[in-house]
Amino acid sequence: MFEETRPYNDNEIPAAIGRLASHPYFPIVCSYLFPHQEIDYLRTEFSKITTVNEFQDKVMYKLLTATIAKTTNGFEYSGLERLTDEHKCTFIGNHRDIVLDASLLQYALYCSHLDTSEITFGDNLMKGEFVTDFGKINKMFRIVRGGNIKDFYKNSMEVSSYMRYAITQKNQSTWIAQRNGRTKDGFDKTEPGVLKMLAMSSDKDFIENLTELNITPIAISYEYESCDFLKTQELYVSRYQKYVKAPNEDFNSILCGITQPKGQVSMVVTPSITLEELEKCSLFSKTERFSYLAKIIDKRIVSNYKLFKNNYIAYDILQGSSMFAANYTNQEKKDFMEYMKNGLDKIEGDKDELTSIFLGIYANPVRNMLNN
């Protein structure tokens with residue numbers, strides 16, 4: 001059941017671990033995770049892992065602990081006190097980093113002694129044996145992107161059915177991004193199509209259908225936007241031509257997001273969508289009710305998105321104002337402008353336009369807040 005979609009079961013873990021340990025990427029990953037250990041010793045230790053929980057305990061927790069220590073000035077999270085392992089959630093998060101958005105949720109769940117969730121993982125990323133094994137061992141399930149209308153409907157139904165099966169039969173929470181692909185411009189907006197996809201696997205009425213999924217929005221914010229200069233370049237090129245990804249670009253973005261300095265990171269698990277809110281949505285037409293629900297989710301995310309000094313600096317520069325000057329010092333503004341200049345100097349294109357795009361990425365969360 002769901003053979004092409006689901007993560008690995010425990011009985012599939014030993015074989016997958018064996019493939020990981022013999023792969024050429026294995027020493028590279030271990031040099032980051034366990035820099036002082038011999039590779040043969042690590043292969044032996046890896047071979048002892050036989051379950052998903054052991055993998056998350058012995059590998060993922062250490063990987064995320066190392067990433068937080070090396071690349072952030074602190075990771076704060078809140079709202080998990082509302083969660084229980086008896087009442088699972090369909091987490092819907094704003095999407096800033098390919099891997100870390102969902103991974104940091106898993107870290108927070110683990111540290112809060114809660115069961116980790118399953119995670120959507122695009123088929124465009126789940127390529128190659130190493131990445132596929134690593135993802136499926138780590139509770140990631142496949143979501144197919146693109147295709148013609150017939151394939152799109154079929155693939156959407158498969159993911160929708162699996163996510164409903166996970167929460168109602170497996171007693172597993174799931175995570176999905178609020179939109180198809182990362183937010184590039186700093187505007188976090190839920191696509192109603194994502195909500196329609198979640199609902200399409202049930203014939204129950206709108207309220208009962210979505211109550212069963214227990215939709216729980218998540219807001220994650222990074223002081224330094226993940227892959228900010230790569231996003232700037234993509235947005236710039238997209239203004240003049242269709243943007244075509246380079247070979248291995250997604251994998252390089254994953255590495256950039258993991259290794260790039262992030263400053264402070266904040267994540268808030270917001271209250272789940274209530275019965276009363278779904279009842280209000282149901283008063284609209286069948287097409288409009290999902291747009292109304294998307295607005296409720298957006299309000300949750302924007303209200304709990306943490307604005308950092310870089311956001312306020314960028315907004316004031318673009319507006320030519322000092323509206324938020326109390327939130328940063330002159331030195332912090334100079335440091336941010338130097339950071340911006342150094343990064344943009346490496347990108348070909350009109351510097352004024354590139355500057356405007358880059359500042360917009362950081363300023364738009366402030367605009368979201370002002371308009372919320």
Self-check item: Pairwise side-chain contact, L230 with T232, heavy-atom cut-off 4.5 Å (strictly under)
Solution: no
Quiz item: For the atom pair CD (E38) and OG1 (T44), what is the distance rounded to the nearest 0.5 Å?
Solution: 11.5 Å
Quiz item: If only atom types and distance count, is the side chain of S321 paired as donor or acceptor with the main-chain N or O of I317 below 3.5 Å?
Solution: no
Practice problem: Would you mind checking if D97 and K262 are paired as a salt bridge, meaning a charged N to carboxylate O distance below 4.0 Å? | Solution: no
Quiz item: Would T5 and E158 count as having a side-chain donor-acceptor pair, cut-off 3.5 Å?
Solution: yes
Quiz item: Do any N or O atoms from the side chain of S112 and from the backbone of L114 form a donor-acceptor pair under 3.5 angstrom?
Solution: no
Quiz item: Do S201 and S160 have side-chain atoms, one donor and one acceptor, less than 3.5 Å apart?
Solution: yes
Practice problem: Determine the interplanar angle of the Y165 and F2 rings, folded into 0 to 90°, and report it as parallel if under 30°, tilted if 30 to 60°, perpendicular if over 60°. | Solution: tilted
Exercise. Classify the side-chain pair N209/R164 by whether it contains a donor and acceptor separated by less than 3.5 Å.
Key: yes
Quiz item: Which heavy-atom pair separates S291 from P192 by the least distance, and what is that distance?
Solution: OG-CG, 3.8 Å
Self-check item: Backbone of N11 reached by a side-chain donor or acceptor of N9 within 3.5 Å
Solution: no
Quiz item: Does any N or O in the side chain of K154 come within less than 3.5 Å of the main-chain N or O of I149, such that one atom is a donor and the other an acceptor?
Solution: no
Quiz item: In terms of side-chain heavy atoms, does E348 have a donor or acceptor partner in Y236 at a distance below 3.5 Å?
Solution: no
Quiz prompt | Side chain E338, main chain D335, donor-acceptor under 3.5 Å | solution = no
Quiz item: Once the angle between the rings of H95 and W175 is folded into 0 to 90°, is it parallel (under 30°), tilted (30 to 60°) or perpendicular (over 60°)?
Solution: perpendicular
Quiz prompt | R19 (side chain) donor-acceptor with F130 (main chain) under 3.5 angstrom | solution = no
Self-check item: Modelled atom types, side-chain donor and acceptor of S303 and N372, under 3.5 Å
Solution: yes
Quiz item: Backbone N or O of M1 within a donor-acceptor pair of the E3 side chain at under 3.5 Å?
Solution: yes
Quiz item: Out of curiosity, L213 CG to S272 OG, how far, rounded to the nearest 0.5 Å?
Solution: 11.5 Å
Quiz item: Stepwise, does the side-chain contact (heavy atoms from CB on, under 4.5 Å) test hold for T50 with I13?
Solution: CA-CA 6 Å; T50 59; I13 299 304; 5.6 Å; no
Quiz prompt | CD1-CZ distance between I137 and F55, expressed to the nearest 0.5 angstrom | solution = 5.0 Å
Quiz item: Once you round to the nearest 0.5 Å, how far does CD of E212 lie from NZ of K88?
Solution: 15.5 Å
Quiz item: Under 3.5 Å, is there a donor-acceptor pair between the K139 and S117 side chains?
Solution: no
Quiz item: Which atom pair, heavy atoms only, marks the closest approach of F134 to L63?
Solution: CZ-CD2, 4.2 Å
Self-check item: Charged N-O contact under 4.0 Å between E12 and R6
Solution: yes
Quiz item: Tell me, do P261 and Y224 make a side-chain contact under 4.5 Å, heavy atoms counted?
Solution: no
Practice problem: Decide whether E277 and T274 meet the rule of one side-chain donor and one side-chain acceptor closer than 3.5 Å. | Solution: yes
Quiz prompt | Stepwise salt bridge (Lys or Arg N to Asp or Glu O under 4.0 Å) check, D57 with K62 | solution = CA-CA 8 Å; D57 181 59; K62 291 180 180 179; over 6 Å; no
Practice problem: Tell me yes or no: between the side chains of T270 and N304, is some donor less than 3.5 Å from an acceptor? | Solution: no
Quiz item: Any idea how Y339 and F358 line up, ring-wise: parallel (<30°), tilted (30 to 60°), or perpendicular (>60°)?
Solution: tilted
Self-check item: Close side-chain approach of L64 to L100, heavy-atom, < 4.5 Å
Solution: yes
Quiz item: Below 4.0 angstrom, N of the basic side chain to O of the carboxylate: do E76 and K306 qualify?
Solution: yes
Quiz item: Do D115 and Y110 have side-chain N/O donor and acceptor atoms under 3.5 Å apart?
Solution: no
Quiz item: Would a distance-only check, ignoring hydrogens and angles, find a side-chain to backbone donor-acceptor pair under 3.5 Å from T183 to G186?
Solution: no
Quiz item: So, does S356 use its side chain to make a donor-acceptor pair with the main chain of E353 at under 3.5 Å?
Solution: no
Quiz prompt | Shortest non-hydrogen contact from M157 toward M200 | solution = CE-O, 3.3 Å
Quiz item: Any side-chain donor-acceptor pair under 3.5 Å between D228 and Y222?
Solution: no
Quiz item: Sub-3.5 Å donor-acceptor pair from the side chain of N310 to the main-chain atoms of E223, do we have one?
Solution: yes
Quiz item: Looking at F121, does the NZ or CZ of R142 lie under 6.0 angstrom from its six-membered ring centre and within 45 degrees of the ring axis?
Solution: no
Quiz item: Say you draw a straight line from CD1 of I273 to CG of L195; how long is it, rounded to the nearest 0.5 Å?
Solution: 9.0 Å
Quiz prompt | Side chains of E191 and N180, donor plus acceptor under 3.5 Å | solution = no
